[in-house]
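Below is one structure, written out as structure tokens; comments come after it.
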Amino acid sequence: MARARKDGVYINYYIQKDIKDRLDKYCEDVGQTNTMAIERILKQFLDDYEDTNNKAAQE
């Protein structure tokens, strides 16, 4: 049985080679695809960013 398609969009990015090499190494070490790793990294960054801004707005 095929897995369900996720609600997503395709993106292209052009990044420094050393960052891509580090991402590839990370993905290999933790057993994730580049897509999964980038989604998790961006989600964590954006969650932290929003938390920081929400706390600042409450003060």
Side-chain angles (χ1 to χ4, degrees):
M1 179 175 198
R3 63 181 166 165
R5 296 182 62 119
K6 68 179 174 182
D7 182 24
V9 296
Y10 288 99
I11 60 171
N12 278 327
Y13 57 93
Y14 188 82
I15 61 173
Q16 295 175 12
K17 184 179 181 326
D18 64 318
I19 295 173
K20 176 64 165 83
D21 292 342
R22 290 171 63 193
L23 176 64
D24 290 343
K25 171 101 171 68
Y26 171 79
C27 291
E28 184 179 320
D29 290 348
V30 299
Q32 292 180 346
T33 63
N34 281 12
T35 298
M36 185 183 298
I38 290 170
E39 285 178 342
R40 295 176 99 180
I41 291 165
L42 284 172
K43 181 182 183 316
Q44 181 64 50
F45 176 84
L46 294 170
D47 288 349
D48 292 347
Y49 173 79
E50 290 169 353
D51 287 347
T52 300
N53 282 343
N54 289 340
K55 288 178 186 174
Q58 292 175 357
E59 294 176 355

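Not measured: the values here are computed from a predicted model. Here, residue 1 is the first one in the sequence, and each next residue gets the next number.
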Between Gln58 and Asn54, do the side chains contain an N or O donor and an N or O acceptor separated by less than 3.5 Å?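 Not at all, the side chains of Gln58 and Asn54 share no donor-acceptor pair under 3.5 Å.
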Do Ile19 and Leu23 share a hydrophobic cluster (ILVMFWY, side-chain heavy atoms under 4.5 Å, transitive)?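 Yes, it is one cluster - the side chains of Ile19 and Leu23 are joined through contacts under 4.5 Å.
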Using a strict cut-off of less than 4.0 Å between a Lys/Arg side-chain nitrogen and an Asp/Glu carboxylate oxygen, indicate whether Asp21 and Lys25 qualify as a salt bridge.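 Not counted as a salt bridge, because no side-chain N and carboxylate O are separated by less than 4.0 Å.
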Expected list for residues 7-16: side-chain donor-acceptor pairs under 3.5 angstrom, two or more places apart:
none

Listing, residues 31-38 side-chain donor-acceptor contacts under 3.5 Å, not counting sequence neighbours, or none:
residue, atom, partner, partner atom, Å
Thr33, OG1, Met36, N, 3.0
Asn34, ND2, Asp24, OD1, 3.2

If you measure from CD1 on Ile41 to CG on Leu46, what distance do you get to the nearest 0.5 Å?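 Interatomic distance, Ile41 CD1 to Leu46 CG, rounded to 0.5 Å: 12.0 Å.
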